[in-house]
Amino acid sequence: QKGGYDFFMQKEIFEQPEALKNTVMPRLHNGRADFSADNISDDIFKDINRVVVTACGTAMHAGLVGRHLIESMLRIPVTVELSSEFRYMNPILDDHTLVIVVTQSGETADSLAALRLANERGAKTISIVNVKGSSIARESDYVLYTHAGPEIAVASTKAFSVQCAGMYLIALKLAEINNMMTAEEMAAYCDAFQAAIDTVAPVLEMDEQIKGIAEKIKDTFSAFYLGRSLDYAIACEGSLKLKEISYVNSEAYSAGELKHGTISLVTEGVPIIAIATQENVLPKLMANVEEVKARGAHVIMVTDKDMSSYEGIYDDLIQVPNVDDRFGTFGVTVALQLLAYHVTVFRGYDVDQPRNLAKSVTVE
Ligand code: F6R
């Protein structure tokens, strides 16, 4: 069942090139997003003045990725709300609001309740769902299915990557329907998207190197993930992955927030995982990295950028292939999943069944 792998999580990490290909390739045609086989009407993307993404846990982090992309590229305001908060905050919704529910199982109780509220209030609803025919898929106006195949491990890996891919597809559709990108821009976007997906397999080949880095930090009590803009979303996901399976006290911080309190937690040897895929904030991020390094942190850089001018201010380097900054998500995410996986194996815990957690959270 595990196909030669030690754990389902490991198998699912390695299935990502296939999962991404199955989710994305049938929907990219001639430089545009094609949802005709999904029976998603263009109307849902028209007349929108804002987007609300609602989800829980890892799926919410895919929403953060989507927000960064849609806001920075399309200039449509996006908010991302935890479903468990959204449903109790009396949200302002109308038929100019596109609500996107992101969920692997399609059965998460809070996300289902959030969807029902959005439907009741007349918002347009579309869900990004992995499990066919699930409650959230059935009750949304439209569904964009991710084709990750069954995800067994409690910690979500391949489902996250394809949820992000779903966000990138929806962003392209929004751009097309609302004339926000030229044909050339859309074609370039599709090329960059495919190129980014193609970097996942080479990142998987870095498994042994990442395992070596995991061994160095395996005994830590705490760890911090840093990033800015899109990389902050990835930091959140990387940190959740580590804490939920390895029980390391891990937190993600926007690098700029360090000085507002967090840096007091940085002591000799504490692992700091710094994510750098965004050129425009790279010097700022590296200034923060220098500050934590000066306090004795063990800095692990995870990046697709050339780090030669920053040598000496990090301890370990996970160098993934360079991609268009908009698509920095895919490669570094996989590297962070492998890091969390190996730390957990070294610590001797059950990777697939972390304590107190269930795969599908159908209670509120
Ligand atoms: C973390 C994880 C959870 C789920 C969350 C939402 O690895 O798997 O945080 O992402 O419980 O589940 P779905 O996507 O099924 O709604």
Side-chain angles (χ1 to χ4, degrees), residues 7-13 15-16 19 23 53-66 80-87 99-116 118 125-140 143-167 225 233-248 250-252 329 333-334 336-341 343-344 349-364:
F7 290 97
F8 281 109
M9 182 185 178
Q10 188 187 29
K11 173 171 178 269
E12 289 159 7
I13 290 172
E15 283 171 348
Q16 287 177 109
T23 302
V53 186
T54 184
C56 302
T58 285
M60 191 277 284
H61 297 151
L64 295 178
V65 169
V80 181
E81 310 291 353
L82 289 166
S83 300
S84 54
E85 295 294 327
F86 179 76
R87 53 182 297 204
V99 173
I100 307 176
V101 183
V102 188
T103 171
Q104 190 285 128
S105 64
E107 300 295 347
T108 300
D110 281 317
S111 299
L112 179 57
L115 169 66
R116 287 179 176 158
T125 58
I126 184 167
S127 54
I128 299 177
V129 183
N130 196 46
V131 176
K132 309 275 170 306
S134 53
S135 303
I136 290 173
R138 281 186 276 112
E139 294 190 30
S140 314
V143 193
L144 184 71
Y145 278 116
T146 52
H147 300 305
E151 194 180 60
I152 310 288
V154 164
S156 189
T157 53
K158 61 178 180 174
F160 175 73
S161 288
V162 294
Q163 284 162 356
C164 291
M167 282 291 172
Y225 287 70
I234 304 169
C236 291
E237 175 54 14
S239 171
L240 175 61
K241 220 79 305 171
L242 183 71
K243 84 176 90 172
E244 69 173 323
I245 57 173
S246 75
Y247 315 140
V248 171
S250 170
E251 290 300 332
T329 324
T333 293
V334 172
L336 296 178
Q337 293 166 350
L338 288 171
L339 186 68
Y341 170 79
V343 168
T344 307
Y349 295 120
D350 182 345
V351 175
D352 287 337
Q353 284 294 340
R355 66 187 176 215
N356 309 336
L357 289 172
K359 184 65 187 160
S360 184
V361 184
T362 51
V363 292
E364 302 173 11

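Each residue takes its place number in the sequence, starting with 1. Just follow the structure's listing: the first ligand is 1, and inside any ligand the first atom is 1.
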| Under 4.0 Å from any heavy atom of Ala155, which atoms of ligand 1 are there? | 7 (O)
| message | To check your reading of the model: name the closest protein heavy atom to atom 5 (C) of ligand 1, its residue, and the distance in Å. | response | Cys56 O, 3.6 Å
| query | For Ser156 and ligand 1, does the shortest N/O to N/O distance drop below 3.5 Å? | reply | yes
| query | Is Ser239 reaching over with its side chain to a backbone N or O of Ala235, donor-acceptor style, under 3.5 angstrom? | reply | no
| request: Could you tell me whether the side chain of Arg87 and the main chain of Ala114 form a donor-acceptor pair under 3.5 Å? | output: no
| query | Mind checking whether Ser360 has a heavy atom under 4.0 Å from ligand 1? | reply | no
| message | Taking Phe7's backbone N and O only, do any of them form a donor-acceptor pair with Asp352's side chain (distance below 3.5 Å, no angle check)? | response | no
| message | Tell me the protein heavy atom at minimum distance from atom 2 (C) of ligand 1, and give that distance in Å. | response | Thr58 OG1, 3.8 Å
| note | The protein heavy atom nearest to atom 14 (O) of ligand 1 is Gln104 N, 2.6 Å
| query | Does any non-hydrogen side-chain atom of Lys359 lie less than 4.5 Å from one of Gln104? | reply | yes
| remark: the protein heavy atom lying closest to atom 7 (O) of ligand 1 turns out to be Glu244 OE2, 2.4 Å
| query | Looking only at heavy atoms, what is the nearest atom pair of Asp110 and Ser84, with distance? | reply | OD2-CB, 3.4 Å
| message | Show the nearest heavy-atom pair for residues Lys241 and Ser156, with the distance to one decimal. | response | NZ-O, 2.6 Å
| field | Proximal atoms of ligand 1 relative to Ala59 (non-hydrogen, under 4.0 Å) | value | 10 (O), 14 (O)
| message | Donor-acceptor check, side chain of Thr362 to backbone of Thr108, threshold 3.5 angstrom: yes or no? | response | no
| task | Starting from atom 15 (O) of ligand 1, find the nearest protein heavy-atom neighbour and note its residue, name and distance. | result | Ser105 OG, 2.6 Å
| From CA spacing to verdict: side-chain contact (heavy atoms from CB on, under 4.5 Å), Met167, Ile100 | CA-CA 9 Å; Met167 282 291 172; Ile100 307 176; 3.9 Å; yes
| field | Any Val154 heavy atom less than 4.0 Å to ligand 1 | value | yes
| task | Run the contact test for Lys241 against ligand 1 with a 4.0 Å cut-off on heavy atoms, strictly below, and give the result. | result | yes
| query | Can you find an N or O of Ser111 that's nearer than 3.5 Å to an N or O of ligand 1? | reply | no
| query | Hey, is Glu151 close enough to Lys158 for a salt bridge, meaning N to O under 4.0 Å? | reply | no
| message | Please check: side-chain N/O of Asn130 versus main-chain N/O of Gly149, any donor-acceptor pairing under 3.5 Å? | response | yes
| What's the shortest distance from atom 11 (O) of ligand 1 to any protein heavy atom, and which residue and atom give it? | Val361 CG2, 4.1 Å
| note | Numbered in order shown, the ligand 1 atoms found under 4.0 Å of a heavy atom of Gly57 are 9 (O)
| task | Among all protein heavy atoms, pick out the one at the shortest distance from atom 16 (O) of ligand 1; state its residue, atom name and that distance to 0.1 Å. | result | Thr108 OG1, 2.5 Å
